[in-house]
Novice: 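Shown below is the structure under consideration.
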Amino acid sequence: MTTAGILGTLGETLAGLLGPWASVQDDHEGEYTRGERLTLRYTGTDPLLEDATITGLDTQRLYRLRHASGKIEFSCHMYAPTEGAWQRSLIDFLPYAERQGWKGSILVSSAKPAPQVAREIERRLLAHYLPAYRHGMQRLAEERKQRATDAQLAEELAAILGTTVRPRRGEASNPVVSKGSTHLTISHSVRVEVLSMSPAQAREFCALVKQW
């Protein structure tokens, strides 16, 4: 049986062997690619892992290389659940050392029986993937909490200045409050990007800073 033929039935078998996983058809699958791809999605009770997904691809079909024949590439989905039009990469939230050690895919021979394939996925992929995905989601939640605090502060500062907060461009952007030639960016703290003052204003500003 070809690798593509194996993938047609391997997903359901692996889902049963791995535990809280289900074999699903993802958004990228169609009639042409269904036999070349399998998708496993986490179905356990951990809310931080609700979008964890593993994809298996026929490497010979994927890379069109002879040396890839008989191999399946299992790779990890490292994106947070989509909110609006923005999808955040969780790798960006991992500490530097954890990002450096990240390995998001493995190759497994399609000739191996399903139980052995499942063991390799657990040992070589899931043992690293699930902790990394959970850690990334935790740090993303911390960032979103801080951004909510930043947004509230931006509204307060805008009200004091008699202006409005500049619309944000996506979830990752920082709120900006502008008044004339003064631009304040709020990101954990308030950063003055541009401030044009007359000599008198500069003296008053320095006197105020001295009081801080």
Novice: Do Ile91 and Glu98 have side chains that get closer than 4.5 Å, going by heavy atoms?
Specialist: no
Novice: Any side-chain donor paired with an acceptor under 3.5 Å for Arg191 and Asn174?
Specialist: no
Novice: Are any of the side-chain heavy atoms of Trp21 and Leu14 separated by less than 4.5 Å?
Specialist: no
Novice: Dump the intermediate steps for side-chain contact (heavy atoms from CB on, under 4.5 Å) on His77 and Thr55, then the final yes or no.
Specialist: CA-CA 8 Å; His77 172 87; Thr55 300; 5.9 Å; no
Novice: Under a 4.5 Å side-chain heavy-atom rule over Ile, Leu, Val, Met, Phe, Trp and Tyr, are Ile106 and Tyr42 clustered together?
Specialist: yes
Novice: Do Lys71 and Val108 come close enough that some side-chain heavy atom pair is under 4.5 Å?
Specialist: no
Novice: Quick one: CG on Leu18 to CG on Leu126, what's the gap to the nearest 0.5 Å?
Specialist: 6.0 Å
Novice: Going hydrophobic residue to hydrophobic residue with side-chain gaps under 4.5 angstrom, can you get from Leu208 over to Val194?
Specialist: no
Novice: Check Ala15 against Ser23 and note the closest heavy-atom contact, atom names and distance.
Specialist: CB-N, 3.8 Å
Novice: In Å, rounded to the nearest 0.5 Å, how long is the span from OG1 of Thr43 to CD of Glu50?
Specialist: 12.5 Å
Novice: Determine whether His135 and Leu94 satisfy the following criterion, side-chain contact (heavy atoms from CB on, under 4.5 Å), listing intermediate values before the conclusion.
Specialist: CA-CA 7 Å; His135 193 193; Leu94 298 179; 4.2 Å; yes
Novice: In Å, rounded to the nearest 0.5 Å, how long is the span from CG of Leu184 to CG of Leu195?
Specialist: 8.5 Å
Novice: Set out, in order, the CA-CA distance, both residues' side-chain angles and the distance that settles side-chain contact (heavy atoms from CB on, under 4.5 Å) for Ile72 and Leu107, then state yes or no.
Specialist: CA-CA 6 Å; Ile72 304 172; Leu107 289 175; over 6 Å; no
Novice: Do Leu125 and Leu49 sit in one hydrophobic cluster, given that two such residues count as connected whenever their side-chain heavy atoms are within less than 4.5 Å of each other, even indirectly?
Specialist: yes
Novice: Taking atom CD of Gln138 as the centre, does the number of heavy atoms from other residues, nucleotides or ligands within less than 6.0 Å exceed 12?
Specialist: yes
Novice: Does the pair Val117 and Glu120 meet the rule for a side-chain contact (heavy atoms from CB on, under 4.5 Å), with working shown?
Specialist: CA-CA 5 Å; Val117 174; Glu120 291 210 28; 5.8 Å; no
Novice: Heavy atoms, side chains only, cut-off 4.5 Å: are Leu38 and Phe74 in contact?
Specialist: yes
Novice: Tell me the closest heavy-atom pair linking Ser178 and Thr163, and the distance in Å.
Specialist: O-OG1, 3.1 Å
Novice: Can you name the nearest heavy-atom pair linking Arg139 to Pro95, along with the distance?
Specialist: NH1-CG, 3.8 Å
Novice: Could you state the interatomic distance from CH2 (Trp102) to SG (Cys76), rounded to the nearest 0.5 Å?
Specialist: 4.5 Å
Novice: Any idea which heavy atoms bring Ala80 and Met137 closest together, and the distance?
Specialist: CB-SD, 3.8 Å
Novice: Looking at side-chain heavy atoms only, is the closest gap between Leu140 and Arg88 below 4.5 Å?
Specialist: yes
Novice: Identify the two heavy atoms, one from Val177 and one from Ala158, that lie closest to each other, and give their separation to 0.1 Å.
Specialist: CG1-CA, 3.9 Å
Novice: Measure across Ser187 and Asp150 and return the closest heavy-atom pair with its distance rounded to 0.1 Å.
Specialist: CA-OD2, 3.5 Å
Novice: Is any NZ, NE, NH1 or NH2 atom of the basic residue among Glu143 and Arg147 found under 4.0 Å from an Asp or Glu carboxylate oxygen of the other?
Specialist: yes
Novice: Taking atom CE of Met78 and atom CZ of Phe93, what is their separation to the nearest 0.5 Å?
Specialist: 10.5 Å
Novice: Are side-chain heavy atoms of Glu156 and Leu153 found at a separation under 4.5 Å?
Specialist: yes
Novice: Determine whether more than 12 heavy atoms belonging to other residues, nucleotides or ligands lie under 6.0 Å from atom NZ of Lys103.
Specialist: no
Novice: Any chance you could measure Lys179, atom NZ, to Ile160, atom CD1, to the nearest 0.5 Å?
Specialist: 12.5 Å
Novice: With heavy-atom distances below 4.5 Å as the criterion, would you say the side chains of Glu204 and Met197 are in contact?
Specialist: no
